[in-house]
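Since this is a predicted model, take the numbers as computed values, not measurements. In listed order, ligands and their atoms are each counted from 1. Residue numbers start at 1 and run along the sequence shown.
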Amino acid sequence: MSPKDVDVLIIGSGPAGYTAAIYTSRAGLKTILYKGDQPGGQLTITSDVENYPGYPEGIMGPQMMIDFENQASRFGTDIKNGMIKSVNFLDKNLQAIAEDDTLINPKTIIISTGASAKWLNLESEQRLNGKGVSACAVCDGFFFKDQVVGVVGGGDTAAEEALYLSKLTKQVNLIVRRDEMRASTIMQNRVLDNKKINIYWNSEVKEVLGDDFVTGIDIINNKSKEISNIKLNGLFIAIGHKPNTDIFKDYLNMDESGYIKTIPGSTETNIKGVFATGDAQDNIYRQAVTAAGSGCMGALDAERFISNNY
Ligand code: NDP
């Protein structure tokens with residue numbers, strides 16, 4: 001497909017992007033999808049997805065995204081590796097430039113760039129990233145088989161990572177900064193019932209220790225101010241996500257965290273022909289199924305825009 005001849009450019013390859021692609025391609029619109037730097041999105045770094053309807057036994061996240069991609073391909077989506085590095089929404093004709101400098105002038109753009117893991121921003125955490133520090137238990141947990149690990153966070157991601165790691169490792173130390181977890185009750189109960197998971201409440205990581213590889217952490221109890229040391233081999237950071245919307249910040253209305261604002265009940269942004277879907281615009285639900293649903297909405301909005309304007 002020529003980059004000049006594109007009805008819909010989809011940026012991102014999570015559930016929102018692929019669902020949008022399935023709908024626009026199936027509707028006969030010429031669709032290009034750029035996968036971005038984490039093809040398949042966040043589901044490729046998760047384990048069992050148990051809450052996506054249609055999979056009564058659950059499905060592994062990476063397999064689910066392969067299925068999504070195959071479904072989009074089947075209807076003719078032109079799927080490209082790589083990133084869209086910049087956009088220009090000042091002219092009437094939308095413009096996007098891919099990382100290999102291909103210029104694309106699509107009639108519509110569906111943004112499905114999702115969100116990325118947040119870090120604690122400690123110097124020691126960054127220095128030891130990939131040397132025992134990770135944000136993905138499914139990717140890296142295997143390296144800590146029968147060892148001791150830590151997980152930082154109190155949300156569903158932290159609970160999921162701690163539970164996953166408890167199956168592989170000798171012990172999991174969960175560092176929660178308040179005296180309660182934010183995770184859903186079912187996940188909290190699973191964590192609390194798991195004998196291999198040891199919870200440090202009201203605690204924050206002060207330093208990640210180790211020269212070439214993680215050997216432990218210093219944590220501080222934010223109530224008593226007491227500092228303790230935990231010896232461990234791996235540390236998994238699971239403290240939430242940041243939307244991947246930086247390249248749009250000069251053009252699109254966003255909230256203070258960078259989530260793109262859409263007109264309620266639609267995926268329309270403040271720029272005509274540009275639609276935002278999935279976690280890039282949703283800081284509330286952030287589920288695969290809600291992302292897929294908003295991808296569908298984006299596709300229908302783009303289809304309607306094209307038939308009304310071209
Ligand atoms: P959340 O924003 O829900 O939770 C982040 C957690 O990290 C909170 O406990 C927060 O603490 C803690 N935290 C944030 N910053 C720091 C910091 N600097 N130091 C220490 N702790 C910190 O993010 P999640 O990624 O867990 O979940 C995101 C969304 O995805 C949620 O809606 C969740 O329900 C959903 N999800 C669903 C899953 C499922 O259904 N299977 C699996 C994974 C995620 P505090 O509470 O004090 O703010």
Side-chain angles (χ1 to χ4, degrees), residues 14-16 38 40-62 64-65 114-126 129 133-139 141 150-166 172-192 197 199-208 217-223 230 235-244 255-259 278-294:
Q38 189 181 350
Q42 290 177 69
L43 280 177
T44 57
I45 56 166
T46 191
S47 51
D48 258 349
V49 180
E50 294 179 334
N51 50 11
Y52 198 93
Y55 297 99
E57 305 304 324
I59 181 167
M60 296 303 279
M64 187 172 163
M65 295 325 296
S116 297
K118 279 188 191 163
W119 298 95
L120 299 170
N121 291 325
L122 296 171
E123 182 280 325
S124 52
E125 170 205 45
Q126 298 304 311
N129 196 338
V133 174
S134 166
C136 175
V138 176
C139 318
V151 174
V152 184
D156 278 321
T157 304
E160 195 177 74
E161 302 239 315
L163 290 164
Y164 177 81
L165 289 163
S166 73
V172 180
N173 297 291
L174 182 61
I175 318 296
V176 181
R177 70 176 173 182
R178 288 188 291 138
D179 58 2
E180 61 177 356
M181 292 179 74
R182 183 185 289 274
S184 54
T185 309
I186 184 170
M187 295 298 273
Q188 286 194 39
N189 288 341
R190 285 182 193 171
V191 167
L192 294 169
I197 302 176
I199 306 183
Y200 289 82
W201 299 105
N202 298 310
S203 296
E204 292 169 47
V205 177
K206 201 168 163 291
E207 212 61 72
V208 188
I217 51 175
D218 282 341
I219 58 168
I220 181 162
N221 182 301
N222 52 33
K223 288 262 154 66
I230 307 174
L235 184 68
F236 293 84
I237 312 296
I239 60 168
H241 293 83
K242 175 187 177 299
N244 300 317
D255 71 10
E256 64 286 354
S257 305
Y259 288 93
D279 287 13
Q281 52 82 53
D282 171 20
N283 66 349
I284 298 172
Y285 300 105
R286 296 184 286 186
Q287 300 299 301
V289 68
T290 52
S294 83

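Counting heavy atoms under 4.0 Å from ligand 1, residue Gln287 touches it through the side chain alone. Of all the heavy atoms of Lys118, none lies under 4.0 Å from any atom of ligand 1, so neither backbone nor side chain is involved. Of all the heavy atoms of Val176, none lies under 4.0 Å from any atom of ligand 1, so neither backbone nor side chain is involved.
Residue contact check: Arg178 has heavy atoms under 4.0 Å from atoms 45 (P), 46 (O), 47 (O) of ligand 1. Heavy-atom proximity to Asn51, at under 4.0 Å, picks out these atoms of ligand 1: 39 (C), 40 (O), 41 (N). Set against the non-hydrogen atoms of Gly154, the atoms of ligand 1 under 4.0 Å away are 6 (C), 7 (O), 8 (C), 9 (O). Those atoms of ligand 1 with a heavy atom of His241 less than 4.0 angstrom away are 25 (O).
With a 4.5 Å cut-off on side-chain heavy atoms, Gln42 and Asp279 count as touching. Looking only at side-chain heavy atoms (C-beta outward), Leu120 and Ile239 come within less than 4.5 Å of each other.
With hydrogens and angles ignored, the 3.5 Å screen pairs no side-chain donor or acceptor of Asn173 with any backbone N or O of Tyr200. Counting only distance, with no hydrogens or angles, the side chain of Glu50 and the backbone of Gly58 share no donor-acceptor pair below 3.5 Å. Judged by distance alone, the side chain of Ser203 and the main-chain N or O of Trp201 form a donor-acceptor pair under 3.5 Å. Under a 3.5 Å cut-off, the side chain of Glu161 and the backbone N or O of Ala238 do not form any donor-acceptor pair.
To the nearest 0.5 Å, the span separating CD1 on Ile237 from CG on Asn121 amounts to 10.0 Å. Summarising the geometry, atom CD1 belonging to Ile197 is positioned 11.0 Å from atom CZ belonging to Arg190; distances are rounded to the nearest 0.5 Å.
In this structure, the side-chain contact (heavy atoms from CB on, under 4.5 Å) partners of Ile284, at least two apart in sequence or on a different chain, are Asp282.
The closest heavy-atom contact to atom 6 (C) of ligand 1, among the options Ala115, Gly155, Ala159, comes from Gly155. Distances from atom 7 (O) of ligand 1 to the heavy atoms of Ile239, Ile284, Ile175 show the closest one on Ile239. Nearest-heavy-atom check against atom 24 (P) of ligand 1 across Thr157, Leu122, Asn222, Thr290 picks out Thr157. Between Gln42, Glu161, Arg182, Glu160, it is Arg182 that holds the heavy atom closest to atom 1 (P) of ligand 1.
For ligand 1, none of its N or O atoms has an N or O atom of Ala158 under 3.5 Å away.
Under the 4.0 angstrom criterion for non-hydrogen atoms, Glu204 is not in contact with ligand 1.
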